[in-house]
Amino acid sequence: MLAIIATISRYKKGELICQEGARADHIFNIIAGVVKSYRSQPNRKQQVLSFLFPHDLFGLAEQGRYVNSATAVTQVILYKVPAAALEARMRRNPSLDFQVICRLCHDLREAQQHAILLSKHHAVAKLGLFLQMLEAHQNAEGHSCQEIQVPMARTDIGAYVNISPEAVTRSLRMLVRRGVISVRARNHIKIIDRAGLEELISERAATRDKAPPTATSRKDTVLLQS
């Protein structure tokens, strides 16, 4: 139904899709790729609020303006839906209205999970929960979860879980050292020890297993480029 009133747009990795504060003329529905939603801080750093995947809807406005900015994490293809046309279509079609509400409920659940993640005190717990969230999303989309695909750079992951990029790398190294995960190539991670991961997420083992603040190895740096 959305495709009838939408145009298909393509964005390169790193390309801005919509800008916080700009007039919200369109709603976006992802066909392929990954998008990050964020707000810019006074120090020019980004606060990443969510990562968006195929079928996710974003760009809903407040007082006619985009609340967040959105940028392509990978190459992205999406439906670009005129906001006015969507509103008119929803007024005539209760089924479409219900589906949009379902997507908003999904966004609310994602926000709640993000809040739980941010409540964790230790970097390795934050990262472990982030990996579980990615795996759950892949499961929901019907993709094989032999491995978790992590297309985000460590800078974006750090901005999402509220730790430094270096802490992301140290936490990954700890998980590998403990035999909790294995890493293949640059962005493919496999959970080997789920019980061990749950223990670290619960932070029961955090005190005795803190990663030392040493320099990152070359292998770790290649894993998730900033």
Side-chain angles (χ1 to χ4, degrees), residues 28-30 32-39 46-58 68-74 76 102-165 167-176 178 180-206 211 220 223-226:
F28 307 94
N29 187 224
I30 301 173
V34 180
V35 172
K36 66 175 178 180
S37 173
Y38 63 94
R39 292 183 185 175
Q46 294 178 358
Q47 178 188 4
V48 177
L49 303 172
S50 62
F51 292 107
L52 304 159
F53 300 89
H55 310 302
D56 282 345
L57 190 71
F58 69 97
N68 306 317
S69 298
T71 296
V73 172
T74 64
V76 170
C102 287
R103 294 310 305 174
L104 294 178
C105 290
H106 169 77
D107 292 345
L108 178 59
R109 288 193 297 272
E110 292 285 319
Q112 291 171 336
Q113 288 181 317
H114 190 206
I116 293 171
L117 185 153
L118 293 177
S119 71
K120 298 295 181 180
H121 297 292
H122 300 284
V124 70
K126 292 174 183 283
L127 187 64
L129 189 53
F130 174 72
L131 291 176
Q132 282 190 337
M133 289 170 63
L134 285 183
E135 184 182 47
H137 186 276
Q138 287 183 202
N139 271 326
E141 292 297 314
H143 301 308
S144 170
C145 280
Q146 294 295 321
E147 292 182 325
I148 304 169
Q149 294 187 24
V150 187
M152 308 85 177
R154 60 179 183 150
T155 49
D156 286 339
I157 296 172
Y160 180 70
V161 304
N162 197 29
I163 59 177
S164 69
V168 172
T169 302
R170 289 197 298 269
S171 298
L172 282 168
R173 188 169 57 217
M174 174 192 280
L175 293 172
V176 172
R178 284 180 58 93
V180 173
I181 65 171
S182 64
V183 179
R184 180 179 67 83
R186 176 182 171 274
N187 57 358
H188 293 80
I189 294 176
K190 183 176 182 179
I191 299 175
I192 300 172
D193 181 2
R194 294 187 179 277
L197 183 62
E198 289 288 353
E199 184 181 20
L200 288 169
I201 290 172
S202 70
E203 301 186 317
R204 290 193 299 270
D220 294 323
L223 172 65
L224 292 173
Q225 296 289 346
S226 59

So, does [X] use its side chain to make a donor-acceptor pair with the main chain of [Y] at under 3.5 Å?
| X | Y | value |
| --- | --- | --- |
| Thr155 | Pro165 | no |
| Lys190 | Gln146 | no |
| Lys36 | Thr71 | no |
| Gln138 | Glu147 | yes |
| His114 | Tyr160 | yes |

Going from [atom1] on [X] to [atom2] on [Y], what distance comes out if it is rounded to the nearest 0.5 angstrom?
| X | Y | atom1 | atom2 | value |
| --- | --- | --- | --- | --- |
| Leu175 | Ile181 | CG | CD1 | 4.5 Å |
| Arg194 | Glu135 | CZ | CD | 4.0 Å |
| Ile163 | His122 | CD1 | NE2 | 12.5 Å |
| Gln46 | Asp156 | CD | CG | 6.5 Å |
| Ser37 | Gln47 | OG | CD | 10.0 Å |
| Ile192 | Leu197 | CD1 | CG | 11.0 Å |

Start with the C-alpha distance between Gln149 and Val34, add both sets of side-chain angles, then the distance that settles side chain to side chain contact (heavy atoms under 4.5 Å, CB included), and finish with yes or no. CA-CA 11 Å; Gln149 294 187 24; Val34 180; over 6 Å; no
Compare every heavy atom of [Y] with every heavy atom of [X], then report the nearest pair and how far apart it is.
| X | Y | answer |
| --- | --- | --- |
| Gly196 | Val180 | C-CG2, 4.3 Å |
| Pro54 | Ala32 | CG-CA, 4.0 Å |
| Ser119 | Ile116 | OG-O, 2.5 Å |
| Val35 | Ala70 | CG1-CB, 3.9 Å |
| Val73 | Pro151 | CG1-O, 3.8 Å |

Evaluation steps, side chain to side chain contact (heavy atoms under 4.5 Å, CB included), between Arg178 and Asp193: CA-CA 9 Å; Arg178 284 180 58 93; Asp193 181 2; over 6 Å; no
Find out whether [X] and [Y] are in side-chain contact, i.e. whether some heavy atom of one side chain is under 4.5 Å from a heavy atom of the other.
| X | Y | answer |
| --- | --- | --- |
| Leu49 | Arg39 | yes |
| Ile148 | Phe130 | no |
| Leu134 | Met152 | yes |
| Phe58 | Asn68 | no |

Chi angles and distances behind the side chain to side chain contact (heavy atoms under 4.5 Å, CB included) call for Leu127, Val161: CA-CA 7 Å; Leu127 187 64; Val161 304; 5.7 Å; no
